[in-house]
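Working notes, beginning with the structure itself.
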Amino acid sequence: MAALFGRISPMKCLTVILVVLPLLGCSCDTASRRPVQPTAAYPAIWWRPVSAEGAPAWEILPQAAKPGEVILSKRNELGLLSNFAPTPFAFHGKRYASLEGFWQMMKYPEDSRDPRATFPGVEWAFTREQVGQMTSFAAKHAGDLGETNMTRMGITWVSFEGERMEYRPAVPGRHYQLIMEATREKVRQNPEVRRVLLATGNLVLKPDHHQEANAPAAWKYYDILTQIRTELQQQR
């Protein structure tokens with residue numbers, strides 16, 4: 001630096017100093033005001049590798065997560081965030097054993113006046129109330145039976161409190177709104193679910209099962225949970 005200044009006039013040296021110093025000061029000040037990104041500690045078990053041997057074909061294993069992601073695996077506490085989890089909640093005056101039970105019961109007749117209840121040749125293995133009290137794969141199986149009946153009847157709608165709505169709409173509609181509201185209640189009414197959801201911090205939530213292409217928004221429970229997590233973080 002001294003050698004450089006020795007080759008230019010004192011006035012030019014002063015000009016260089018006056019120009020450079022403010023820039024240095026500005027750079028340092030900006031760095032000092034840059035928000036510090038906290039490093040959150042997450043349970044290592046969330047990413048613990050699982051042998052693919054014997055794993056069901058539908059499952060996405062924990063180790064499939066990319067950096068900054070976490071799979072909502074049923075193999076650890078993150079399974080509480082699954083629709084399958086036995087996380088009872090009350091919604092519109094009725095109690096449901098799981099979000100999956102709530103979801104699948106909408107495929108079943110509401111009462112004896114429901115056209116689904118009187119359709120010729122269609123039998124229902126369960127009542128709507130029974131499905132609402134199911135969890136996990138039992139609820140999913142009941143829903144599959146209900147969807148088979150929907151196909152036989154040629155209908156594409158489900159219902160809630162007498163209101164019919166498209167089950168697989170191209171654009172999120174009433175069904176999506178109901179699933180969003182019910183998921184909020186599940187989180188609100190189950191403190192452990194809320195704790196686990198907030199514990200995921202800013203991780204990108206990913207499903208633990210392969211989904212159909214172009215699945216409706218209501219199917220993307222991980223996106224719904226991400227939105228609810230953001231709401232909870234803002235409240236805090």
Can you find a side-chain donor-acceptor pair between Y222 and Q211 that sits under 3.5 Å? yes
Exactly one of R116, R152, K107, K140 should register a salt bridge (charged side-chain N to carboxylate O under 4.0 Å, His left out) with E147. Which one does? K107
Any donor and acceptor pair, going by atom type alone, linking the side chain of [X] with main-chain N or O of [Y] inside 3.5 Å?
{"X": "Q133", "Y": "R95", "value": "yes"}
{"X": "S98", "Y": "G101", "value": "yes"}
{"X": "Q233", "Y": "L198", "value": "no"}
{"X": "R229", "Y": "L197", "value": "no"}
{"X": "D208", "Y": "P62", "value": "no"}
{"X": "Y108", "Y": "A142", "value": "yes"}
{"X": "R128", "Y": "M105", "value": "yes"}

Out of curiosity, does M180 fall in the hydrophobic cluster containing W103 (side-chain heavy atoms, cut-off under 4.5 Å, transitive links)? yes
Carboxylate-amine/guanidinium proximity below 4.0 Å for R195 and E77: yes
Step by step, would you call R184 with E181 a salt bridge (charged side-chain N to carboxylate O under 4.0 Å, His left out)? CA-CA 5 Å; R184 280 199 185 96; E181 292 169 11; over 6 Å; no
Parallel, tilted or perpendicular: rings of F102 and F89 (30°, 60°): perpendicular
What class does the angle between the rings of F91 and F160 fall in, given that below 30° is parallel, 30 to 60° is tilted and above 60° is perpendicular? tilted
Is the number of heavy atoms from other residues, nucleotides or ligands within 6.0 Å of [atom1] ([X]) greater than 12?
{"X": "N214", "atom1": "CG", "result": "no"}
{"X": "H209", "atom1": "NE2", "result": "yes"}
{"X": "E161", "atom1": "CD", "result": "yes"}

